Amino acid sequence: MMLQNGLAAVCRAAALGLTAALLLFQSIPAAQAQIGSSRYAAIVMDAGTGQELYAINADEPRYPASLTKMMTLYLTFEALERGRLKLTSRVPVSRHAAGQEPSKLGLQAGTSITVRDAILALVTKSANDVASALGERLAGGSEVAFGRIMTRKARQLGMRNTSFRNASGLPDANQVTTARDIAILGQALIRDFPRRYAYFNAREFDWQGRSIGNHNNLLGEYDGADGIKTGYIRASGFNLAASAVRGGTRLVAVVLGGATTAERDNHVMALLDRGFAQRGRPADMLVAGNTPRLIGTAHAAALAAPPLPKPRPVGRAAPRKPEVAKGDWAVQVGAFVRSADARRTARRAARELGEAHVERVRVDGKWFYRAQVTGLSASAARRTCEARRGPCMVVAP
């Protein structure tokens, strides 16, 4: 009953957040913006300081899916550090573990797998049979007991709203978490096991003559990305916890409830772009509601962040593409209940580049005014947002 009430509250909160998001970005396709999903939640955190840069529904209950394996790996790394396991230790496969639903390696009951291979199978393949076997190994043969161990460790790490029931993330109505708790867990993996965290950067895993690729598409596609974990069940949508380093700053971003892998990945990359751009600016510029009569601001901006031009791939130069003709790009700098406020904000943002523009929109029977700067090239739009000390969103043609 508590879970049902909690999920009902999630739906009500999502409905309230939808209006603010639509005010700013009503023209952005839902496939890019993930607006309106009751499963959606996101957070961007500075991994070094724990400072929250963006948060949308970050404390609302969600199903973790295979992000659960981040805790399974945390406890595995802890056992290795304490000498309870070695990388060469064998993990027996029970009938229960072998019977788990895919994604799986297809391990047979009565066989075994090394701890090292088990780690790589979780990081790349997200193998549920391997996760179950590891959980049983760490908890003396019972995955149910391992779920209790996982939950206790979550509390110790400050994950106040997470309850684990299994090692894999396969569906369980009582296995819930939040975007904030997953970000805390990602930060803990990086902080507590800096050497072992490198496993999350494995691009592939060789298993019995076949090469298994990593499900995390950001590796090799987003400059500085080096982990962490993907997840999906029908009840959760497509989840991703990701970390990237640029200029000595490491961020952790979590998006829960994507409609597709592409939507999820693009959204995470856009949030990371905004996080790196905003890092180091005054904290009050990242909080919604500081400006009188401003609707949505940074929280809605993060929620509706469209995929920006694809970042430079790691290890090779990005091909130079012709820039979209000047005048096709825009930036949006706020949504207001008074047209005068919108005009003033648009004119201020357009002092050097582009043209001030105010768009009148009707949402839930009320009129609002979106402040924009139009007539920009792609690079000018991005420079405009990078230079601003307030909410700003690049709007592609």
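All figures in this text were calculated on a predicted structure; none of them were measured in a lab.
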### Task
State, to 0.1 Å, how close Phe276 and Ala244 come at their nearest heavy-atom pair, and which atoms those are.
CZ-O, 3.5 Å

### Message
To the closest 0.5 Å, what do you measure between CG (Leu67) and OH (Tyr232)?
### Response
14.0 Å

### Summary
dist Asn214:CG -> Ser126:OG (nearest 0.5 Å) comes out at 9.5 Å

### Task
Scan side-chain atoms only and decide if Asp265 and Asn217 contain a donor-acceptor pair under the 3.5 Å cut-off.
yes

#### Entry: Cluster check Leu170, Val176: I/L/V/M/F/W/Y, side chain < 4.5 angstrom
no

### Message
Salt bridge check, Arg84 against Glu78: does any charged N sit closer than 4.0 Å to a carboxylate O?
### Response
no

## Note on the structure
When rounded to the nearest 0.5 Å, the distance separating OG1 of Thr151 from CE of Met71 is 8.0 Å

### Query
If we ignore angles and hydrogens, is there a donor and acceptor under 3.5 Å between the side chains of Asp226 and Tyr197?
yes

### Query
Just by distance, do the side chain of Asn166 and the backbone of Gly169 share a donor-acceptor pair under 3.5 Å?
yes

### Query
Would you say the side chain of Leu87 lies within less than 4.5 Å of the side chain of Thr114, judging by non-hydrogen atoms?
no

### Message
If you take the centroid of each ring, where Trp contributes its six-membered ring, are Phe238 and His215 closer together than 6.0 Å?
### Response
no

### Query
Is there a chain of hydrophobic side chains (I, L, V, M, F, W, Y, each step under 4.5 Å between heavy atoms) that links Val123 to Leu219?
no

#### Entry: For Met45, all residues meeting side chain to side chain contact (heavy atoms under 4.5 Å, CB included), sequence neighbours excluded
Ala183, Ile184, Gln187

### Task
Decide if atom CD of Glu101 counts as having more than 12 heavy atoms of other residues, nucleotides or ligands within a radius under 6.0 Å.
no

### Query
Going from OG1 on Thr230 to CG on Asn216, what distance comes out if it is rounded to the nearest 0.5 angstrom?
6.5 Å

### Qualifying residues under side chain to side chain contact (heavy atoms under 4.5 Å, CB included), relative to Ala109, sequence neighbours excluded
Arg95, Ala98

### Message
Could you measure the distance from the OH atom of Tyr54 to the CZ atom of Arg274? Nearest 0.5 Å is fine.
### Response
4.0 Å

### Message
Quick one about Lys69 and Ser168 (side-chain donor to acceptor, distance below 3.5 Å, no hydrogens or angles considered), yes or no?
### Response
no

### Query
Salt bridge between Arg160 and Asp59, side-chain N to carboxylate O under 4.0 Å?
no

### Task
Could you state whether Val115 and Trp207 fall into the same hydrophobic cluster, counting links through intermediate Ile, Leu, Val, Met, Phe, Trp or Tyr residues with side-chain heavy atoms under 4.5 angstrom apart?
yes

### Task
Can you label the angle between the Phe77 ring and the Phe193 ring as parallel, tilted or perpendicular, going by 30° and 60°?
perpendicular

### Flag side-chain contact, heavy atom, 4.5 Å: Thr76 against Ile119
yes

### Task
Using only heavy-atom distances, determine whether the side chains of Ser243 and Arg250 contain a donor-acceptor pair under 3.5 Å.
yes

### Task
Step by step, work out the side chain to side chain contact (heavy atoms under 4.5 Å, CB included) result for Tyr222 and Arg246.
CA-CA 11 Å; Tyr222 188 82; Arg246 289 184 182 177; 3.1 Å; yes

### Query
Got more than 12 heavy atoms from elsewhere within 6.0 Å of CZ, Arg116?
no

#### Entry: Steps toward side-chain hydrogen bond (donor to acceptor under 3.5 Å, both in side chains) verdict (Arg264, Thr260)
CA-CA 6 Å; Arg264 174 200 67 191; Thr260 66; over 6 Å; no

### Summary
Ala42 and Ala58 have their tightest heavy-atom pair at O-CB, 4.0 Å

### Query
Hey, is Glu143 close enough to Arg165 for a salt bridge, meaning N to O under 4.0 Å?
no

### Summary
Here the gap from Asp172 atom CG to Ser163 atom OG, rounded to the nearest 0.5 Å, amounts to 10.0 Å

